[in-house]
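Report on the structure given below.
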Amino acid sequence: MKCRIHESEKQFMLLALELAQIAADKGDTPVGAVVVQNGRIVGKGYNQVEAQTDPTAHAEIIALREAARNIGDWRLLSATVYVTLEPCIMCSAALMHSRVQRLVYGARDERWGGVGSLFDFSHDPRINHELEVIPGVMEEEAAQLLQSFFRKLR
C-alpha cells in the first residue's frame with residue numbers, strides 16, 4: 001500500500017534517506033530519522049550501532065535525544081518523526097515515551113517492527129499514548145537502500 005504525505009513534508013523524508021545513506025557509508029545499517037516540530041527540524045539521526053558499539057544507537061533514539069535537547073523538554077507532544085524503516089520495538093517504545101504525535105516511515109520491518117509488523121505499540125490500549133502512523137512513504141527508496149547495503153555485506 002502506497003501512502004502519501006503532504007508535498008511540503010517530502011523534504012523531511014528525503015533528508016531521512018540522506019541520513020540513512022550516511023549510516024551505510026559508515027558501515028551501519030542504513031536508517032535515518034528526522035524529528036520535526038511546528039514545521040522545523042529539531043532532531044536528526046542515523047544508525048550508529050557499529051560506530052559507537054552501542055546497541056541503542058538507532059537513528060530514532062539519536063534523533064529523539066537531539067530533539068529533546070534542542071527544545072528543552074523530553075515531551076515531544078506535537079512532533080512528527082520521519083524514519084526510513086519501521087521503528088523496532090525499542091524505538092517504538094521511545095516514541096511512545098516521548099509522546100511523539102505522528103510517525104511517518106518508509107519500509108516495513110517484518111523481523112523487528114514495533115508499529116504494526118511484529119508488534120503494535122502505537123495503538124495498544126494498555127499504553128496511555130496513541131501514535132498516528134503513516135507507513136509506506138518512499139518505501140521503495142528506503143527498501144532499496146537496505147537491500148543494497150545487505151547485498152554488499154554478503
Side-chain angles (χ1 to χ4, degrees), residues 1-26 28-49 51-52 54-109 112-143 145-146:
M1 170 173 81
K2 298 265 186 216
C3 294
R4 294 191 175 272
I5 55 174
H6 193 272
E7 192 61 32
S8 65
E9 295 180 284
K10 189 175 182 183
Q11 64 179 325
F12 303 128
M13 195 56 144
L14 287 170
L15 177 55
L17 287 164
E18 289 174 21
L19 292 165
Q21 185 61 59
I22 293 170
D25 293 345
K26 294 183 175 199
D28 261 291
T29 303
V31 179
V34 178
V35 181
V36 176
Q37 194 169 49
N38 302 319
R40 189 171 68 92
I41 296 170
V42 294
K44 299 182 289 191
Y46 55 86
N47 271 10
Q48 297 181 46
V49 172
Q52 293 186 18
D54 177 354
T56 69
H58 288 201
E60 301 94 322
I61 301 294
I62 292 168
L64 290 171
R65 286 177 180 158
E66 183 177 287
R69 276 192 307 272
N70 285 337
I71 68 166
D73 194 349
W74 62 267
R75 292 173 198 87
L76 304 172
L77 297 171
S78 61
T80 296
V81 173
Y82 299 83
V83 63
T84 57
L85 180 65
E86 178 183 357
C88 72
I89 44 187
M90 174 184 69
C91 293
S92 299
L95 292 168
M96 299 300 286
H97 281 292
S98 62
R99 310 300 194 268
V100 165
Q101 179 180 359
R102 190 165 160 256
L103 168 69
V104 176
Y105 76 83
R108 291 176 57 87
D109 187 348
W112 291 100
V115 291
S117 291
L118 182 61
F119 293 100
D120 191 357
F121 290 120
S122 64
H123 298 93
D124 190 317
R126 298 169 294 180
I127 299 174
N128 69 346
H129 180 68
E130 193 163 335
L131 175 65
E132 179 186 350
V133 178
I134 301 166
V137 174
M138 301 184 83
E139 182 175 16
E140 290 175 23
E141 295 89 336
L145 259 176
L146 288 158

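In this text, all values refer to a predicted model and were calculated from it rather than measured experimentally. By convention here, the first residue in the shown sequence is residue 1.
Asp73 contributes a side-chain N or O that, together with a main-chain N or O of Arg75, makes up a donor-acceptor pair within less than 3.5 Å. Side-chain N or O atoms of Ser92 include one that pairs as donor or acceptor with a backbone N or O of Pro87 at under 3.5 Å. The closest donor-acceptor contact from the side chain of Asn47 to the backbone of Val49 lies at 3.5 Å or more, if one exists at all. The backbone N or O of Gly32 sits less than 3.5 Å from a side-chain atom of Thr84, completing a donor-acceptor pair. At distances below 3.5 Å, at least one donor-acceptor pair connects side-chain atoms of Arg99 with backbone N or O atoms of His97.
Put simply, CE on Met90 and CG on Leu95 are 10.5 Å apart, with the number rounded to the nearest 0.5 Å. Taking CD from Gln101 and CG from Leu77, the interatomic distance works out to 8.5 Å, rounded to the nearest 0.5 Å. The SG atom of Cys88 sits 9.5 Å away from atom CZ of Phe121, with the distance rounded to the nearest 0.5 Å. Annotation: the span from Ile134 atom CD1 to Thr80 atom OG1 amounts to 7.5 Å, rounded to 0.5 Å. Here the CD1-OH distance, from Ile41 to Tyr82, works out to 9.5 Å after rounding to the nearest 0.5 Å. Of the inter-residue distances, the one linking Thr56 atom OG1 with Gln48 atom CD reads 10.5 Å to the nearest 0.5 angstrom.
Of all the heavy atoms in Glu86 and Asp109, the pair that sits closest is OE1-N, 3.0 Å. Of all the heavy atoms in Ala107 and Ala143, the pair that sits closest is CB-N, 4.1 Å. Residue Gly116 comes nearest to Arg108 through the heavy atom pair O-NH2, 4.1 Å, listed as atom of the first residue, atom of the second, then distance. Considering every non-hydrogen atom in both Val83 and Ala33, the closest pair reads CG2-CB, 4.0 Å. The two residues Ala20 and Leu145 come nearest to each other via the heavy atoms CB-CD1, 3.7 Å. Closest approach of Ala57 to Gln52, counting heavy atoms only: CB-OE1, 3.8 Å.
Atom NE2 of His129 sits in a crowded spot, with more than 12 heavy atoms from other residues, nucleotides or ligands closer than 6.0 Å.
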Query raised in the report: Yes or no on side chain to side chain contact (heavy atoms under 4.5 Å, CB included) for Leu14 and Met138, after CA distance, side-chain angles and deciding distance?
Result: CA-CA 9 Å; Leu14 287 170; Met138 301 184 83; 3.3 Å; yes

**Report entry** Worked check of side chain to side chain contact (heavy atoms under 4.5 Å, CB included) between Val81 and Tyr105
**Finding:** CA-CA 8 Å; Val81 173; Tyr105 76 83; over 6 Å; no

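Residue Tyr46 forms a side chain to side chain donor-acceptor pair (under 3.5 Å) with just one option from Glu18, Gln21, Lys26, His58, and that option is Lys26.
Side-chain atoms of Gln37 and Ser78 include a donor-acceptor pair closer than 3.5 Å.
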Could you tabulate the donor-acceptor pairs under 3.5 Å formed by side-chain atoms of residues 59-71, not counting sequence neighbours?
unit_1, atom_1, unit_2, atom_2, d
Glu66, OE2, Lys44, N, 3.1
Asn70, ND2, Val42, O, 2.7
Asn70, ND2, Glu66, O, 3.4

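Looking at residues two or more places apart in sequence or on another chain, you find a side-chain contact (heavy atoms from CB on, under 4.5 Å) between Glu130 and His123.
Checked for salt-bridge contact, Asp124 and Arg126 meet the test: a charged N lies under 4.0 Å from a carboxylate O.
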